[in-house]
Number of protein chains: 2
Amino acid sequence: MTRQEATPTHRTPLNKDRVLRAAVALADATGIDALSMRRLAQELDVVPMALYKHVANKEELLDGMVDTVVGEIDPLTAGPDWQSAVRGRILSARRVLLRHPWAARVIESRTGPTPAVLAYLDSMAGSFRDGGLSADLTHHVMHAMGSRLLGFSQELFDTSGPSGPPGPELAARYPHIAELAATAAHDGSSPVGGGCDDQFEFEFALDLLLDGFESLRCQGWTSARKA
Amino acid sequence: MTRQEATPTHRTPLNKDRVLRAAVALADATGIDALSMRRLAQELDVVPMALYKHVANKEELLDGMVDTVVGEIDPLTAGPDWQSAVRGRILSARRVLLRHPWAARVIESRTGPTPAVLAYLDSMAGSFRDGGLSADLTHHVMHAMGSRLLGFSQELFDTSGPSGPPGPELAARYPHIAELAATAAHDGSSPVGGGCDDQFEFEFALDLLLDGFESLRCQGWTSARKA
DNA sequence: CTTGACGAGTGTACGCCGTACACCTATGCT
DNA sequence: AGCATAGGTGTACGGCGTACACTCGTCAAG
């Protein structure tokens, strides 16, 4: 009985890809805070230290997770103009980020770009250049877009908090915020932006920026700063 | 010898304010990752658990730190038009955030707004309203500004990384990024945005947005979405 | 067939973290 | 004088990331 082909003592062996995908799934299911090396190992029926044969440390695990989700963004699709091409890709990125709510915060926490992110940003820069923006303008435009390039704006505060009714004393202390909440409440909302149509807000800012870029391009904008 | 007035066995007693200010100082000096309850207690010559008489837990400590730095933002100053008033206040916020580099990430990590942040946002909303923007437009405008309202855009990646020379193979793989880096390199830069003039990039996006808002206001913009 | 290198998974252990809980002690009011 | 209270202490627990030494199955070379 040296062979144990029938007995399931042999699990399919680990590899970096399985580790990363399990990590993404675990973060999707239980939130990024609950993702520890120990919990992840447990999920893979393995002892914690086994993970370290496939990722150097937790930072590298997080980097890999970022690359995994960035890899889910749709490739470029041609559009009638540069703006709609960029717009479509960014909205695809947004859909990906909405599938993985933890990803935005993890991306922000990385200190350096990972290969998949670099590739994505590179192709984005290419879209701007192809659209006729100068290298100079493209540079500033990429900065101006910031994390919106990756499909999210940091919402400043959790838009779906359990914040109850505004309360009159709060309205007295923060009258303008109360007013905004009231206008948004027409389609179901809570005090500081809860219940807003996030998708609308995202596209509002995105289009404002894209329109601004196009207008700068038309007028041959160039940065006025000199050496 | 029941009195020990001469002996310095009595340290000036702790209070929430001293704790918060020590925490801010420690984070400024050693970075947010090095800020632990134990290190902070040590800094205050106190046993770790003593801190919990003044803050409920670490989350509340971080909330208090956020309020402390937000409180450093200059109050509103009147300007010739609403845009310069808003612009000035935001640039003040930016200066504060640059003094406390850890603050942006901590603010992003809070799940709900703290009182000082609410007060700040409220007065910002008031500036937009006073400038003639409708409550509706003000709402979307606040969202569009996102964290820029508080003086920072998430730079997507550390702009001052130790990333060495671009390297030709990197330029081959990411040609557009290399091109942007090259144009930025005219005033000292590194590959992915390192060495850029962050202040310029920030104001570029800020002004683009403010100009867009003003133009929407002039044309009496109203959100097209209906019930 | 033996051997030995090697890659994958294991087990133990260390030092850090946040914090619950019981305790002490000086202060100040009744 | 008695006592409640607020502020600081000490101990302890469970969780974290991970260094380090190990075992064991596989497979190529001799």
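Naming: A, B, ... by sequence-line order, numbering from 1 per chain.
- One atom, CG of A/Leu62, and another, C1' of D/dC16, lie 14 Å apart when rounded to the nearest Å.
- Atom CZ in A/Arg39 sits about 11 Å away from atom P in D/dG17, given to the nearest Å.
- Take the nearest nucleotide of DNA chain D for A/Met37 and for A/Lys53: the residue whose nucleotide is more 5' is A/Met37.
- Applying the salt bridge (Lys or Arg N to Asp or Glu O under 4.0 Å) test between A/Asp63 and each of A/Arg110, A/Lys16, A/Lys58 identifies A/Arg110 as the sole match.
- Remark: P of C/dC16 and CG of B/Leu35 are 16 Å apart, rounded to the nearest angstrom.
- Checking A/His143, A/His139, A/His140 one by one against B/Phe204, the ring-ring contact (aromatic ring centres under 6.0 Å, His included) holds for a single residue, A/His140.
- A distance-only check finds a donor-acceptor pair linking the side chain of B/Arg89 to the backbone of B/Asp74 [under 3.5 Å].
- Residue A/Arg21 places its CZ atom among 12 or fewer non-hydrogen atoms of other residues, nucleotides or ligands, all under 6.0 Å distant.
- Looking at A/Arg38, its side chain has no donor and acceptor atom pair within 3.5 Å of the base of D/dG15.
- Rounded to 10°, the angle separating the first-five-pair axis and the last-five-pair axis of the helix from C/dC1-D/dG30 to C/dT30-D/dA1 equals 20°.
- Distance B/Leu51 CG to C/dA20 P: 13 Å, rounded to the nearest Å.
- We find that CD of B/Gln42 is positioned 16 Å from P of C/dG15, with the value rounded to whole Å.
- Contact check for A/Leu61 versus A/His54: no side-chain heavy atoms found under the 4.5 Å cut-off.
- Counting non-hydrogen atoms of neighbouring residues, nucleotides and ligands closer than 6.0 angstrom, the CZ atom of A/Arg99 exceeds 12 such neighbours.
- By the 4.5 Å heavy-atom criterion applied to side chains, B/Leu118 and B/Asp122 are not counted as neighbours.
- The stretch residues 24-32 of chain A has no heavy atom under 4.0 Å from DNA chain D, so no residue of it qualifies as close.
- In this structure, the side chains of A/Phe213 and A/Leu210 come closer than 4.5 Å at one or more pairs of heavy atoms.
- C/dG7 atom C1' lies 19 Å from atom OH of A/Tyr52, rounded to whole Å.
- In this structure, A/Asp33 atom CG and C/dG18 atom P are separated by 14 Å, rounded to whole Å.
- Using a 4.0 Å heavy-atom cutoff across all strands shown, B/Met49 reaches at least one base atom of the nucleic acid.
- Atom pair B/Asp45:CG and D/dT9:P shows a separation of 9 Å (rounding to whole Å applied).
- A heavy-atom distance below 4.5 Å is not found between the side chains of B/Met65 and B/Val106.
- The local environment of CZ in A/Arg173 is sparse, with at most 12 non-hydrogen atoms from other residues, nucleotides or ligands closer than 6.0 Å.
- Non-hydrogen atoms lying under 4.0 Å from DNA chain D are contributed by A/Asn57, A/Lys58, all within residues 54-61 of chain A.
- A donor-acceptor distance shorter than 3.5 angstrom exists from the side chain of B/Thr68 to the backbone of B/Gly64, with no hydrogens or angles considered.
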